[in-house]
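Quick note: numbers below take in every heavy atom, side chains included, and nothing from hydrogens, waters or symmetry partners.
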Amino acid sequence: MTHKHLKIILIALLCLCGKEISAREIKVQSPDGKLKVNIELKDKIYYSVYSGKDLLLDNCSLSMILNNEVLGEQPKLQAMKRGKIDENIKREIPLKNAIVENHCNTLYLKMRGNYAIEFRVFNKGLAYRFITNKKGEIEIMGENFAIHFPADYLAHLSQPDGFKTSYEYPYTHVRTKDYKHTDRMSYLPVLLETDKQYKILISEADLQDYPCMFLQSTGNNGMQSLFPKCPLEFGEDGDRSLKILKEADYIAKTSGKRNFPWRFFVISDNDKDIVANEMVYILSSPCELEDYSWIKPGQVSWEWWHDARLYGVDFRSGYNMDSYKYYIDFASTFGIPYIIMDEGWAKSTRDPFTPNPTIDLQELIKYGRERNVKIVLWLTWLTVENHFDLFKTFADWGIAGVKIDFMDRSDQWMVNYYERVAKEAAKHKLFVDFHGSFKPAGLERRYPNVLSYEGVLGMEQGGNCKPENSIYLPFMRNAVGPMDFTPGSMFSAQPEDANAMGSGTRAYQMALFIVFESGLQMLADNPVYYYRERPCTEFIANVPVVWDETRVLDAKVGEYVVIARRNKDKWFIGAITNDTGRTIEVNLDFLPENKKLHLTYFEDGINADRQAMDYKKKATEVTNSTKLTMKLVRNGGWAGRIE
């Protein structure tokens, strides 16, 4: 990995080893001086966050509970270091930007008891983490991430029924003063709208050998963390899960000398910054692969969403040879590099080596190779765990990657499973798409062969996947990393219609390929429809999945977003809205100066608010002085290419 303009300066202000420093209040601010963190060392470690004179987070606290002590309780400061980081990082797989800016001020607080707290404050957010320097292994009984709000905020949450979850719940929206301690918890990320213009996105990064964090109400206009316990014994629970028969009393048993996950906040009074942030990547550990040139993100044709129900063909459709050859031919026709063979390709979900009798997998691999199309295979996580040698076998066969499903947990054991999979897959040059998964939290930087995660209420949920929920995804789930939403319905509908599996207008569905970030972007619908709707298909099949540059042109949480992405000298612009139609005007001043370019775009048709299939394809010339006007109907979209 190449780092450009790297300048990391650590200035030791106080270094009095073995002695305590008398310090009641410590301050650290962002490079531009706007965002400020005030830290107080009293009975606990407290901190408050300001933007200018606006108090955003008040009297928050942090601690880590070990089996024999509490880190952060009665803290005694031994040393303090201030510094700054100013670097531009060349991203291995540029899913958002080829160059990522990492610019922040740092504060390192070394405490008595062989632990430290590190803060990093950016212009658009802040993060902190625990660092321990203890002998042997330690047992973490819990970690207290406790935040308090100085006013009544609006919280956007994902509230499962328990720690066992597919992370596909619709967003709920609750006032923080009404959020009760007895109400359901939320998995991350969580988004807060303050009483002013600020938005605060909360999540975690550099998650390793540790469970995911969840948040629940404190019952007093605040939130606090909770974590799944570490499982110790498992029992049979079908072909894609295990029952947890026994749990430890700790959440993690881990090395005593380590960095713990970052807890971070993206903070801005401009909603565009929430969408544009790269906090998870910046805070996570560097790539561990010496060679990642073999990783090829791309689009993929997918049969499961429409159950391989082809028609107008001269063969019986289904999970068979004729159908899969049809998918390969379709992918080849439109330059799509992959097809996925989802559940149904194997004779048994427990056996990854024996295909369904209706399939000659080796012939399909050969057929695809001749047409520049590779195959991705679906598996349950349990089958992978029971057959870890499958990675070598699949690589020998010529399989490109794996889609692994139904993990549905995020305890320490399962977090470590993700890493074992990523590492073993990379060893054999296979990429990974995690389904039934928690959100991205840094593994995808260490192992960039992890191209996408589900952990989203996506289009596979049919009529439950509505634009009114999906409009939050760029600001929340997709704001922390790649997301396998599986877009691309050509059978479009307004949510109240009978054919709501493709909810949103045609232009909306097309815009999702630009708005949503994923290293493996599905074309979820039936190839029969894609052939029928060839102008739309030709457009979306040519939308890249890697980008040299991303710009958020306009955005408002829960209402609309407009994103422009550049791949080499081509720009793609996508816009989506909620159930309110609107006209949006954006400047194209990011285009090259004194150059006339061609814009091809798809917009909602005049009747798209009633019949979502209605769209118009248009073309015009634009320059960097053009003000582009987009007209979106309710649940509508706009998608364009500039070249």
Side-chain angles (χ1 to χ4, degrees), residues 193 197 199 268-276 466-476 478-479 487 489 492-497 502-516 535-536 539-540 543 550-566 570-591 596-643:
E193 295 193 49
Q197 291 296 314
K199 307 299 189 299
S268 181
D269 57 1
N270 190 327
D271 293 6
K272 296 189 292 186
D273 295 328
I274 304 297
V275 181
K466 299 178 181 179
E468 65 189 47
N469 189 76
S470 300
I471 192 63
Y472 286 91
L473 297 177
F475 303 92
M476 295 183 65
N478 217 184
S489 172
S492 309
Q494 289 292 352
E496 68 273 13
D497 295 340
S503 194
T505 68
R506 171 65 57 79
Y508 169 93
Q509 284 288 329
M510 296 176 67
L512 296 183
F513 285 87
I514 303 166
V515 173
F516 289 167
C536 299
F539 180 88
I540 62 177
V543 177
T550 293
R551 291 175 179 255
V552 184
L553 303 185
D554 200 359
K556 190 169 183 180
V557 167
E559 296 189 20
Y560 65 91
V561 64
V562 185
I563 295 179
R565 302 187 193 268
R566 179 177 62 84
K570 294 181 181 179
W571 282 93
F572 292 77
I573 303 176
I576 58 174
T577 186
N578 61 357
D579 57 4
T580 299
R582 66 187 75 245
T583 298
I584 304 172
E585 185 177 86
V586 295
N587 293 320
L588 301 185
D589 52 5
F590 52 86
L591 296 177
K596 188 176 289 186
L597 298 170
H598 185 74
L599 166 64
T600 303
Y601 63 99
F602 293 75
E603 66 179 8
D604 292 324
I606 193 170
N607 293 305
D609 61 327
R610 299 181 66 241
Q611 172 47 270
M613 305 282 280
D614 191 22
Y615 73 91
K616 289 287 187 182
K617 178 184 178 183
K618 296 182 179 180
T620 188
E621 303 298 312
V622 296
T623 68
N624 73 332
S625 63
T626 299
K627 290 186 182 297
L628 187 63
T629 300
M630 307 172 176
K631 294 182 179 180
L632 288 72
V633 305
R634 66 186 180 102
N635 305 309
W638 192 100
R641 179 180 66 244
I642 301 174
E643 54 192 338

Next on the checklist: My understanding is that only residues two or more places apart in sequence, or in another chain, count here; which of them pass ring-ring contact (aromatic ring centres under 6.0 Å, His included) with Tyr615?
Outcome noted: Phe602
Checklist outcome for this item: Taken in chain and number order and not counting sequence neighbours, the residues that satisfy side chain to side chain donor-acceptor pair (under 3.5 Å) with Arg582 are Thr577, Asn578
Checklist entry - For Ala608, which residues count as a side chain to side chain contact (heavy atoms under 4.5 Å, CB included) partner, sequence neighbours excluded? => result Thr505, Asp604, Asp614, Val633
Checklist entry - If you draw a 6.0 Å radius around CD in Glu585, do more than 12 non-hydrogen atoms from other residues or ligands fall strictly inside? => result yes
Item to check | Partners meeting ring-ring contact (aromatic ring centres under 6.0 Å, His included) with Tyr560 (sequence neighbours left out) | outcome: none
Item to check | side chain to side chain donor-acceptor pair (under 3.5 Å) partners of Lys616, counting only residues at least two apart | outcome: none
Checklist entry - Nearest heavy-atom pair of Ala612 and Gly504: which atoms, and what distance? => result CB-O, 3.7 Å
Checklist outcome for this item: For Ser625, the side chain to side chain donor-acceptor pair (under 3.5 Å) test, sequence neighbours excluded, returns Thr623
Next on the checklist: Which residues pass the salt bridge (charged side-chain N to carboxylate O under 4.0 Å, His left out) test with Arg610, not counting sequence neighbours?
Outcome noted: none
Checklist entry - By side chain to side chain contact (heavy atoms under 4.5 Å, CB included), which residues pair with Thr550, not counting sequence neighbours? => result Lys96, Asn97, Trp547, Ile563, Arg565
Checklist entry - With Ala575, which residues qualify under side chain to side chain contact (heavy atoms under 4.5 Å, CB included), at least two apart? => result Val562, Met630, Leu632, Trp638
Item to check | Contacts of Asn587 that satisfy side chain to side chain contact (heavy atoms under 4.5 Å, CB included) - sequence neighbours left out | outcome: Asp589, Lys627
Checklist entry - Residues in side chain to side chain donor-acceptor pair (under 3.5 Å) with Ser268, at least two apart? => result Asp273
Checklist entry - Charged N to carboxylate O under 4.0 angstrom, Lys618 versus Glu603? => result yes
Next on the checklist: I need the minimum non-hydrogen distance between Lys466 and Ser503, along with the two atoms involved.
Outcome noted: CA-OG, 4.1 Å
Checklist entry - Taking only residues two or more places apart in sequence, or in another chain, which ones meet Phe513 in a ring-ring contact (aromatic ring centres under 6.0 Å, His included)? => result none
Next on the checklist: Are Thr580 and Glu559 packed together at the side-chain level, in the sense that at least one heavy-atom pair is separated by less than 4.5 angstrom?
Outcome noted: no
Checklist entry - Taking all atoms of both residues into account, what is the closest heavy-atom pair of Asp271 and Ala555, and its distance? => result CB-O, 3.6 Å
Next on the checklist: Under the criterion side chain to side chain contact (heavy atoms under 4.5 Å, CB included), I'd like the reasoning laid out for Leu599 against Leu628: C-alpha separation, chi angles, the key distance, then a yes or no.
Outcome noted: CA-CA 10 Å; Leu599 166 64; Leu628 187 63; 3.7 Å; yes
